[in-house]
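Given the structure is predicted, the values throughout are model-derived calculations rather than measurements. The figures here come from the full heavy-atom set of this structure, side chains too, leaving out hydrogens, waters and symmetry mates.
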Amino acid sequence: MPPDRTAATTRGGPRVLAVWCPDWPAVAAAASAGLPPEQALAVLHANRVVTCSATAREAGVRRGMRKREAQGRCPELVVAQQDPDRDARLFEPVAATVDTLASGVEVLRPGLLALSARGVIRYFGSAEAAARRLLAALATAGVEARVGIADELSTALIAARHGTLVPTGQDAQFLAPLPIGELAAEPGPAAAERAALLDLLHRLGLRRIADFAELTPAQVTSRFGTDAILAHRVARALPERPPAPRRPALELEVRLPCDPPIDRVDRAAFAGRILATRLTATLSAATLACTRLEIRAETETGEHLSRVWRCAEPLTADGIADRVRWQLDGWLTQPPDGRPTGPIILLHLVPVELVPAAALQLGLWGDTGSGDERALRALVRVQGLLGGDAVQMGVLSGGRGPAERVTMVAFGDEQAPRTDPAPPWPGRIPEPAPAVIMLDRPPVVLESADGAPVRITGRGRFSGPPVRLRWGRSSWRLTAWAGPWLLDELWWSPGATPSARAQVELPGPHSLLLLVQDDRWYVEGLYE
């Protein structure tokens, strides 16, 4: 028996309007580089394509491709690295354009926003007229967009990708014939889990959303995970969480007078981190988490700015700080005609929508990661005193040597590796990795029993068994050694000499990872 969809067809609540800008990261990258919209462009993360322009897709570039394969299919392809700050900064004028025609705009992510459709439909007379007016305004601003209207937010997002206005009560009928892949989650923590779920459903023979919706909630609950339950509700077009379940109490809001006033992006990032820490501590004390956040700002000239950010997952301190930084960056870097006329003197964060903090990990005494928060505050203070690049974090990357496998990024920035650590890296140093990486690679001398320097022969072997290691004025007799292991890198270069790595053990015991290049030995890492 098919599931009962009465809840979906008798819904009387406000409808949702979604505005989607296709391939926004690629559009923002092209605009930032001053390239024409028709330029073939791909945005990369960890050396793989995450977004590409329509011109690049026509040439065969697809999401998930490696950089080399994408350039092979489209030789004129321009590549850019993923940059959420850039995407958010350039999306603010788009949100401001929609805000001039409709109130209550919520940014879900750069390139996607939503609002209640009731007011804009009443103002323009019909859903079709409202969609035409919004699209015309965005086209005048030089932005390609699509509009979707439906009863539920998730259905409206899917309708926006198709440029469809779904009639009232017809969400389930609109979703039924669509392929199951349309239920893919927006970029975020659940995107990978949702992709794995949809792949499993496709292999089980559930090719359309209607096939998945025909399953009963009991069947989905007993066979799949939590994300499948949420996806099943979307497939059945069941009511989702209301736009604003309750207005938070005033004491949960946080303010920050800005002295001196904020007129630069680096100051905005610092202020955003402070406010995020305060708001998270306030919400943690009340065992709450925020899923919809309003960012307000007041300028020296009396202007009042406001923008609402909505997130599917409860916002952490880092998530709040990122959105505050993105929003202030967007306000402060707009063209002169849209930029605030004075510096910002007051910042205000209002948690518009709250949920219980049941998903957050509680500490032993009931705190929500207070130790982590104190550490973050200390790092933010150091970063504010010494500069944005003074505090850096290591991110696991791909590579063969230990130094290549660590990408240092500034604290607060996206922890994106320079190269993808997932693919196999032939010749990579096996586990365990060195405890200390010597970035300066101090030179050492490796000697055989007769005192002659040990080199690497053309066959990739030691010229003699290593017996002693000299490091500056100190020397040690080796207790053990392993290797050498040749490096198959740049062997085609003219005059290239064999390069290799070896491990040696000194008395203590202390072990070193050595690298030989141009017949000279260097210390690359220390084992403990």
Side-chain angles (χ1 to χ4, degrees), residues 25 28-29 32 45 81-93 95-96 107 109-110 188 253-283 290 293-300 303 305-309 311 315-335 338-340 342-351 369 372-395 407-416:
S32 179
H45 175 66
Q81 293 300 317
Q82 191 178 40
D83 187 353
D85 292 356
R86 174 195 63 211
D87 301 343
R89 179 177 65 252
L90 296 180
F91 189 65
E92 171 55 27
V107 179
R109 62 166 173 82
E253 304 175 3
V254 294
R255 296 170 178 263
L256 178 66
C258 305
D259 186 18
I262 294 176
D263 57 357
R264 299 203 317 259
V265 176
D266 56 343
R267 292 180 182 175
F270 182 67
R273 179 67 64 175
I274 294 176
L275 274 176
T277 302
R278 291 181 183 177
L279 181 59
T280 304
T282 302
L283 296 178
C290 177
L293 176 71
E294 182 179 3
I295 304 172
R296 299 177 183 173
E298 182 179 338
T299 67
E300 205 171 41
E303 292 175 290
L305 310 173
S306 176
R307 181 71 67 225
V308 176
W309 285 79
C311 186
L315 288 168
T316 62
D318 287 341
I320 295 173
D322 286 342
R323 282 156 180 80
V324 174
R325 185 179 76 250
W326 294 343
Q327 188 58 59
L328 295 180
D329 193 4
W331 281 333
L332 295 175
T333 58
Q334 285 192 66
R339 189 182 309 166
I344 295 174
I345 61 174
L346 178 65
L347 284 177
H348 189 191
L349 297 187
V350 182
D372 293 341
E373 293 298 326
R374 288 194 297 270
L376 288 175
R377 285 196 294 270
L379 293 176
V380 169
R381 180 171 178 80
V382 173
Q383 194 174 41
L385 294 173
L386 303 181
D389 294 332
V391 181
Q392 296 190 338
M393 304 176 63
V395 180
T407 299
M408 301 303 296
V409 297
F411 176 70
D413 290 352
E414 182 190 10
Q415 298 183 14

S.K.: Apply side chain to side chain contact (heavy atoms under 4.5 Å, CB included) to Thr299 and Ile345, showing your working.
M.R.: CA-CA 5 Å; Thr299 67; Ile345 61 174; 5.9 Å; no
S.K.: What's the separation between atom CG in Asp322 and atom CH2 in Trp309, rounded to the nearest 0.5 Å?
M.R.: 9.5 Å
S.K.: For Val308, give me all partners under side-chain contact (heavy atoms from CB on, under 4.5 Å), at least two apart in sequence or on another chain.
M.R.: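 In terms of side-chain contact (heavy atoms from CB on, under 4.5 Å), with neighbours along the sequence ignored, Val308 is linked to Glu106, Arg292, Glu294.
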S.K.: How far does CG of Leu256 sit from NE2 of His348, to the nearest 0.5 angstrom?
M.R.: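 With rounding to 0.5 Å, CG (Leu256) is 11.0 Å from NE2 (His348).
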S.K.: Please report the shortest heavy-atom distance between Arg323 and Ile295, naming the atom on each side.
M.R.: O-CD1, 3.6 Å
S.K.: Under the criterion side chain to side chain contact (heavy atoms under 4.5 Å, CB included), I'd like the reasoning laid out for Leu279 against Leu293: C-alpha separation, chi angles, the key distance, then a yes or no.
M.R.: CA-CA 11 Å; Leu279 181 59; Leu293 176 71; 3.7 Å; yes
S.K.: Do Asp318 and Arg273 meet the salt-bridge criterion of a basic N to acidic O distance under 4.0 Å?
M.R.: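 Salt bridge: yes.
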S.K.: Going through the distances and angles, do Arg267 and Asp263 end up as a salt bridge (Lys or Arg N to Asp or Glu O under 4.0 Å)?
M.R.: CA-CA 7 Å; Arg267 292 180 182 175; Asp263 57 357; 3.4 Å; yes
S.K.: Please report the shortest heavy-atom distance between Pro261 and Glu300, naming the atom on each side.
M.R.: CG-OE2, 3.9 Å
S.K.: A side-chain contact here means heavy atoms from C-beta on lying under 4.5 Å apart; do Pro351 and Glu253 qualify?
M.R.: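 Yes, their side chains come closer than 4.5 Å.
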S.K.: Considering all heavy atoms of both residues, which atom of Asp85 and which atom of Arg325 are nearest to each other, and what is their separation?
M.R.: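 Distance-wise, the nearest heavy atoms are OD1-NH2, 2.9 Å.
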S.K.: Give a yes or no on whether the backbone of Asp329 and the side-chain of Thr333 come within a donor-acceptor separation of less than 3.5 Å.
M.R.: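 It does hold such a pair.
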S.K.: Is any side-chain heavy atom of Arg296 closer than 4.5 Å to one of Arg307?
M.R.: no
S.K.: Any chance you could lay out the side chain to side chain contact (heavy atoms under 4.5 Å, CB included) test for Cys258 and Leu347, step after step, and finish with the verdict?
M.R.: CA-CA 7 Å; Cys258 305; Leu347 284 177; 4.1 Å; yes
S.K.: Taking Arg255's backbone N and O only, do any of them form a donor-acceptor pair with Arg278's side chain (distance below 3.5 Å, no angle check)?
M.R.: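 Yes, the answer is positive, given that a donor and an acceptor are paired below the 3.5 Å cut-off.
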S.K.: Between Gln81 and His45, does any side-chain donor sit less than 3.5 Å from a side-chain acceptor?
M.R.: no
S.K.: For a 4.5 angstrom cut-off between non-hydrogen side-chain atoms, does Trp326 reach Phe91?
M.R.: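 Trp326 does not reach Phe91 side chain to side chain.
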S.K.: So, for Pro340 and Trp331, which heavy atoms are closest and what is the spacing to 0.1 Å?
M.R.: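 Smallest interatomic distance, heavy atoms only, reads CD-O, 3.1 Å.
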S.K.: Would you compute the distance between atom SG of Cys290 and atom CG of Leu349 and round it to the nearest 0.5 angstrom?
M.R.: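 Those atoms lie 9.0 Å apart.
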S.K.: Side chains of Val324 and Leu328: does their closest heavy-atom pair fall under 4.5 Å?
M.R.: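 Side chain of Val324 against side chain of Leu328, heavy atoms only: contact under 4.5 Å found.
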S.K.: Shortest non-hydrogen contact from Val107 to Ala95?
M.R.: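 Here Val107 and Ala95 meet closest at CG2-CB, 4.3 Å.
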S.K.: Taking all non-hydrogen atoms of both residues into account, name the closest pair between Ile262 and Leu332 and its distance.
M.R.: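 Nearest pair, atom of Ile262 first, then Leu332: CG2-CD1, 4.1 Å.
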